[in-house]
Amino acid sequence: MGGRHVQDATRLLEKSLDGPERDELVRAARAAVAELGSPTRLLPLVRELAAGAGDPSGCALLSYRHVLGFDKLLLIDGGPRHMLRAHVWHPGRATPEDIHNHRSPLASYVVRGALGMELYEPAGPAADEGVATSWYRESLTGEEDDWLLEPAGDARLRLVQSARYTAGSGYALPPHVLHRAWCDAERPTVTLFLETGAGRRRYTDVFAGAATGGPAGLAVAKKRLEVNDYLAELSALADLLAEDPTI
């Protein structure tokens, strides 16, 4: 059962996100995640969830240690309309993400630490323009399944923006925008991440390393959390949030 803070957060998400479309939805998502990411909202919410409120078994099933070096903890599952997650980024654990986009509009708010981010766009055909990459289409056969990366060819991408987001700042992106992010602080970074929109794309685009041709298909397993581990991670997150958020 949901406690008071879980119910309040769920109502805020439903009220903010169940009406707007397209660009308005992106702006609404950014406002919602900024409000829920404030210290007075997020810390009591995480403490309540760590005590077993909400749906710990269902959320644990969709929480995992990402291969790119951060932990994804599902806080509120709004079905096809929205999913609210906490991302815990660990310095030195992995290199920056592959360049990618998403299935639906997203918003992210830095609660603690700092996040580096780059935006990309397709480059021209000239050999000296942009960087060479291998293009994959990443899909899931179900929400709980592993990732399937299928080669889609070679591509060249151009860096168009580089930014650093510190505690109290954030961003929102339409689903097609190519980007990558990484922990840009000496201690763990925490971001509140919101996926929203019922009309989700079937796949995302992933651009990895230099163009190599790649295998016929690559399945990447999700390292899912057991319920006890999920609750322990939420307790550790609550302790982290209780520290100085500017560290």
Practice problem: Give a yes or no on whether Leu192 and Val26 share a hydrophobic cluster (residues Ile, Leu, Val, Met, Phe, Trp, Tyr; joining criterion: side-chain heavy atoms under 4.5 Å apart). | Solution: no
Practice problem: Say whether Asp71 and His90, considering side chains only, have a donor N or O and an acceptor N or O under 3.5 Å apart. | Solution: yes
Quiz item: Any idea how His179 and His100 line up, ring-wise: parallel (<30°), tilted (30 to 60°), or perpendicular (>60°)?
Solution: tilted
Self-check item: Criterion side-chain contact (heavy atoms from CB on, under 4.5 Å) on Val110 and Thr166, from CA distance to verdict
Solution: CA-CA 6 Å; Val110 181; Thr166 56; 5.7 Å; no
Quiz item: If you look at every heavy atom in Ser139 and Tyr203, which pair is closest and at what distance?
Solution: CB-CB, 4.2 Å
Self-check item: Backbone of Pro188 reached by a side-chain donor or acceptor of Arg112 within 3.5 Å
Solution: yes
Practice problem: Report whether Met117 and Leu115 are members of the same hydrophobic cluster (ILVMFWY, side-chain heavy atoms less than 4.5 Å apart, transitive linking). | Solution: yes
Quiz item: Would you call Glu138 and Arg103 a salt bridge, taking side-chain N to carboxylate O under 4.0 Å as the test?
Solution: yes
Practice problem: Kindly write out the residues that satisfy salt bridge (Lys or Arg N to Asp or Glu O under 4.0 Å) with Asp8, not counting sequence neighbours, or none if the list is empty. | Solution: Arg4, Arg11
Quiz prompt | Value rounded to 0.5 Å, distance of CG in Leu12 from CD in Glu14 | solution = 10.0 Å
Quiz prompt | Interatomic distance, His82 atom NE2 to Leu17 atom CG [nearest 0.5 angstrom] | solution = 6.0 Å
Quiz prompt | Gly116 versus Asp184, closest heavy-atom pair with distance | solution = N-CB, 3.6 Å
Quiz item: Does Ser169 reach the main-chain N or O of Tyr165 with its side chain, forming a donor-acceptor pair under 3.5 Å?
Solution: no
Self-check item: Passing candidate, ring-ring contact (aromatic ring centres under 6.0 Å, His included) with Phe70, options Tyr64, Trp182, Phe193, Trp89
Solution: Trp89
Quiz item: Counting distance only, does the side-chain N/O of Arg156 pair as donor-acceptor with the main-chain N or O of Gly130 below 3.5 Å?
Solution: yes
Exercise. May I ask you to say whether Glu150 pairs ionically with Arg137, meaning some side-chain N is under 4.0 Å from a carboxylate O?
Key: no
Self-check item: Shortest non-hydrogen contact between Glu186 and Pro91, atoms and distance
Solution: O-CG, 3.4 Å
Quiz item: Just by distance, do the side chain of Glu48 and the backbone of Val6 share a donor-acceptor pair under 3.5 Å?
Solution: yes
Exercise. Find the distance between NE2 (His5) and CG (Leu36) and round it off to the nearest 0.5 Å.
Key: 12.0 Å
Practice problem: Could you tell me whether the side chain of Tyr230 and the main chain of Leu74 form a donor-acceptor pair under 3.5 Å? | Solution: yes
Quiz item: Between CG of Leu106 and CZ of Arg30, what distance do you get to the nearest 0.5 Å?
Solution: 11.5 Å
Quiz item: Is there a path of hydrophobic side-chain contacts, each under 4.5 Å between heavy atoms of I, L, V, M, F, W or Y residues, that connects Leu241 with Leu84?
Solution: yes
Exercise. For side-chain contact (heavy atoms from CB on, under 4.5 Å), just list the numbers for Val177 and Asn101, CA-CA rounded to whole Å, side-chain angles, deciding distance to a tenth of an Å, and then say yes or no.
Key: CA-CA 5 Å; Val177 175; Asn101 51 28; 5.9 Å; no
Practice problem: Give a yes or no answer on whether the side chain of Thr189 reaches the backbone of Ala114 with a donor-acceptor pair at less than 3.5 Å. | Solution: yes
Quiz item: Can you tell me how far the CE atom of Met83 sits from the CG atom of Leu62, to the nearest 0.5 Å?
Solution: 5.0 Å
Practice problem: Assess whether side-chain contact (heavy atoms from CB on, under 4.5 Å) is satisfied between Leu194 and Ser108, documenting all intermediate values. | Solution: CA-CA 6 Å; Leu194 177 61; Ser108 182; over 6 Å; no
Quiz item: Is there side-chain contact between Pro174 and Pro105, with heavy atoms separated by less than 4.5 Å?
Solution: no
Quiz prompt | Closest heavy-atom pair and its distance - Cys59, Leu75 | solution = SG-O, 3.9 Å
Practice problem: Consider only side-chain heavy atoms of I, L, V, M, F, W and Y, link residues closer than 4.5 Å, and tell whether Val160 and Tyr171 are in one cluster. | Solution: yes
Practice problem: Determine yes or no for a side-chain-to-main-chain donor-acceptor pair under 3.5 angstrom, with Arg41 supplying the side chain and Glu35 the backbone. | Solution: no
Quiz item: Which heavy atom in Thr196 sits nearest to a heavy atom in Ala29, and how many Å separate them?
Solution: CG2-CB, 4.0 Å
Practice problem: State yes or no: do Leu43 and Leu13 share one hydrophobic cluster built from I, L, V, M, F, W and Y residues joined by side-chain heavy-atom distances below 4.5 Å, directly or via other members? | Solution: yes
Quiz item: Would you call Asp55 and Ser57 a side-chain contact if the rule is heavy atoms closer than 4.5 Å?
Solution: yes
Practice problem: Starting at CG of Leu73, measure out to CG of Leu225 and round the result to the nearest 0.5 Å. | Solution: 6.5 Å
Practice problem: Over all heavy atoms of both residues, which pair between Leu231 and Leu49 is shortest? Give the atoms and the distance, please. | Solution: CD2-O, 3.5 Å
Exercise. Report, as yes or no, whether the 6.0 Å neighbourhood of atom CD on Glu226 holds more than 12 heavy atoms from other residues, nucleotides or ligands.
Key: no
